[in-house]
2 protein chains.
Amino acid sequence: MRIGELASRVGVSVRALRYYEEQDLLASVGSPSGQRQYPDSAVDRVQLIQQLYSAGLSSRAIVELLPCVETGDVTPELLDRLSAERGRIDAQVSTLVKTRDRLDAIITTAATARSAGRPCPR
Amino acid sequence: MRIGELASRVGVSVRALRYYEEQDLLASVGSPSGQRQYPDSAVDRVQLIQQLYSAGLSSRAIVELLPCVETGDVTPELLDRLSAERGRIDAQVSTLVKTRDRLDAIITTAATARSAGRPCPR
DNA sequence: CTAAAACCTGACGTTGACGTCAGAGGCAAG
DNA sequence: CTTGCCTCTGACGTCAACGTCAGGTTTTAG
């Protein structure tokens with residue numbers, strides 16, 4: 001498939017895909033005419049990249065971890081990096097949950113106050 | 001307290017505090033000499049700001065939500081914003097958890113493979 | 001064959017949350 | 001008083017993940 005189709009399948013921009021290639025996150029089969037060609041497996045790969053990005057990983061981190069994330073093979077050094085990122089994500093989750101709970105408390109308080117007939121503040 | 005002390009107490013840079021003021025997130029008592037003066041409550045406030053930033057909120061979102069987050073008073077309009085942000089955070093948490101689980105799977109697989117005596121790749 | 005649509009490279013623009021630097025003023029200690 | 005540290009304003013720098021535009025080539029539909 002060509003870059004436009006891959007982009008629309010995954011829901012990402014063409015520019016982003018070229019950027020991923022520039023960052024060595026994604027390879028394309030160089031067609032003779034100079035147009036990029038991708039296998040179907042590229043869809044999964046791009047989705048994985050997106051997932052890691054949204055988890056707060058940088059391009060540099062992803063490019064280091066991607067091979068072993070796909071193959072499952074990992075050196076002890078990479079295992080450290082994986083654990084480190086896992087820890088980061090874990091910490092982020094817990095602070096996010098705290099924040100969510102805080103917002104929840106406000107929301108429910110406001111809701112009960114409203115249903116209790118208290119006038120809407122201005 | 002002055003800006004340097006507040007900064008070191010919360011663990012944030014002086015520049016960040018001035019930036020918060022610029023974004024109307026934080027007020028300071030204007031001393032006659034032009035130096036900023038903060039009450040003790042500023043510590044909590046800055047920590048809250050940090051928490052919201054780390055939850056992915058922008059300055060603009062924070063400045064809208066901060067008053068009601070602190071007072072608990074909220075208009076119906078703000079309630080919508082709160083719920084929206086809550087939803088965002090919720091979604092983010094679930095994708096983070098997915099990613100974490102994926103990393104976990106790799107880590108444990110690698111660990112068991114190692115303990116099974118399989119040679120370390122590379 | 002031709003025109004539209006998709007693709008290419010290269011390069012500059014954008015955004016948010018600060019970092020950093022210059023130059024000047026204020027403040028407590030000795 | 002002066003030395004040294006803290007603070008001020010103002011302004012430019014940074015960084016990542018793209019957006020966008022220019023100018024040209026390739027593919028596809030009719």
Side-chain angles (χ1 to χ4, degrees), chain A residues 1-39 42-43 45-66 85 88-89 92 95-96 99, chain B residues 1-39 42-43 45-66 85 88-89 92 95-96 99:
Chain A
M1 68 177 30
R2 292 192 304 176
I3 197 171
E5 189 181 345
L6 178 56
S8 64
R9 275 203 200 172
V10 185
V12 70
S13 74
V14 166
R15 176 69 173 95
L17 294 179
R18 289 201 269 252
Y19 176 74
Y20 297 164
E21 182 167 344
E22 193 181 324
Q23 303 294 311
D24 295 318
L25 300 177
L26 184 63
S28 64
V29 185
S31 95
S33 65
Q35 300 209 350
R36 292 171 179 82
Q37 204 66 219
Y38 299 93
V43 173
R45 177 141 183 148
V46 173
Q47 282 172 344
L48 175 55
I49 293 172
Q50 290 283 97
Q51 184 180 3
L52 294 177
Y53 268 129
S54 70
L57 302 201
S58 65
S59 290
R60 184 159 150 50
I62 296 177
V63 79
E64 288 178 333
L65 300 184
L66 244 187
E85 294 296 348
R88 244 192 11 80
I89 293 174
Q92 175 119 16
T95 73
L96 280 176
T99 306
Chain B
M1 70 178 31
R2 291 192 304 177
I3 198 171
E5 189 180 348
L6 177 56
S8 65
R9 275 204 201 173
V10 186
V12 71
S13 73
V14 167
R15 176 65 173 97
L17 294 180
R18 288 201 269 252
Y19 175 74
Y20 298 163
E21 181 167 344
E22 194 181 323
Q23 303 294 312
D24 296 316
L25 300 178
L26 184 64
S28 63
V29 185
S31 96
S33 65
Q35 301 209 348
R36 293 172 179 84
Q37 204 67 218
Y38 299 94
V43 173
R45 176 142 186 149
V46 174
Q47 282 172 346
L48 175 55
I49 293 174
Q50 290 282 96
Q51 184 180 3
L52 294 178
Y53 268 129
S54 70
L57 301 201
S58 64
S59 290
R60 184 160 148 49
I62 296 178
V63 79
E64 287 179 334
L65 300 184
L66 245 186
E85 294 296 348
R88 245 191 10 78
I89 293 174
Q92 175 118 17
T95 73
L96 280 176
T99 305

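Fair warning: this is a prediction, and the values are worked out from it, not measured in the lab. Convention: sequence-line order gives letters A, B, ...; per-chain numbering from 1.
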Q | A:Glu22 with A:Arg18: basic N within carboxylate O range, under 4.0 Å | A | no
Q: Report yes if at least one side-chain N or O of A:Arg36 is closer than 4.0 Å to OP1 or OP2 of C:dC8; otherwise report no.
A: yes
**Q.** Distance (rounded to the nearest 0.5 Å) between B:Gln37 CD and B:Leu6 CG
**A.** 10.5 Å
Q: Starting at atom CD of B:Glu5, determine the distance to atom P of C:dC27, rounded to an integer number of angstrom.
A: 16 Å
Q | Nearest-Å distance for atom pair CD/C1', residues A:Glu22 and C:dA11 | A | 11 Å
Q. So which heavy atom on B:Ala55 is nearest to which on A:Thr99, and how close?
A. CB-CG2, 3.9 Å
Q) A:Met1 has an atom CE; how far is it from atom P of C:dA6, in whole Å? A) 15 Å
Q: Take nucleotides 15-23 of chain C nucleotide by nucleotide from the 5' end and write B, S or -, depending on whether a protein heavy atom sits under 4.0 Å from the base, only from the sugar-phosphate, or from neither.
A: --BBBB---
Q) What nucleic acid atoms does B:Arg18 come within less than 4.0 Å of, heavy atoms only: base, sugar-phosphate, or nothing? A) base
**Q.** Length of the line joining B:Gln37:CD and C:dC27:P, which is rounded to integer Å
**A.** 10 Å
Q: Run the numbers on B:Tyr53 and B:Ser59 for side chain to side chain donor-acceptor pair (under 3.5 Å), then give the verdict.
A: CA-CA 8 Å; B:Tyr53 268 129; B:Ser59 290; 2.4 Å; yes
**Q.** Heavy-atom closest contact (A:Ser13 atom, A:Ala16 atom, distance)
**A.** OG-N, 3.0 Å
(Q) To check you understand the geometry: which heavy-atom pair defines the closest contact between A:Leu17 and A:Leu26, and what is its length? (A) CD2-CD2, 4.1 Å
Q | Contact summary for A:Tyr38 and A:Glu21, nearest pair of heavy atoms | A | OH-OE1, 3.7 Å
Q: Would you kindly give the CD1-to-C1' distance between A:Ile49 and D:dA16, to the nearest whole Å?
A: 15 Å
Q) In whole Å, what is the span from the CD1 atom of B:Ile3 to the C1' atom of C:dG25? A) 16 Å
Q | Where B:Leu96 and A:Ser54 come nearest, the two heavy atoms and their spacing | A | CD2-O, 4.4 Å
Q.
If the threshold is 4.0 Å, N to carboxylate O, is there a salt bridge linking A:Arg88 and A:Glu85?
A. yes
Q) If the sugar-phosphate is the primed atoms plus P, OP1 and OP2 and the base is the rest, what is the B/S/- string for nucleotides 24-30 of chain D, using protein heavy atoms under 4.0 Å? A) --SS---
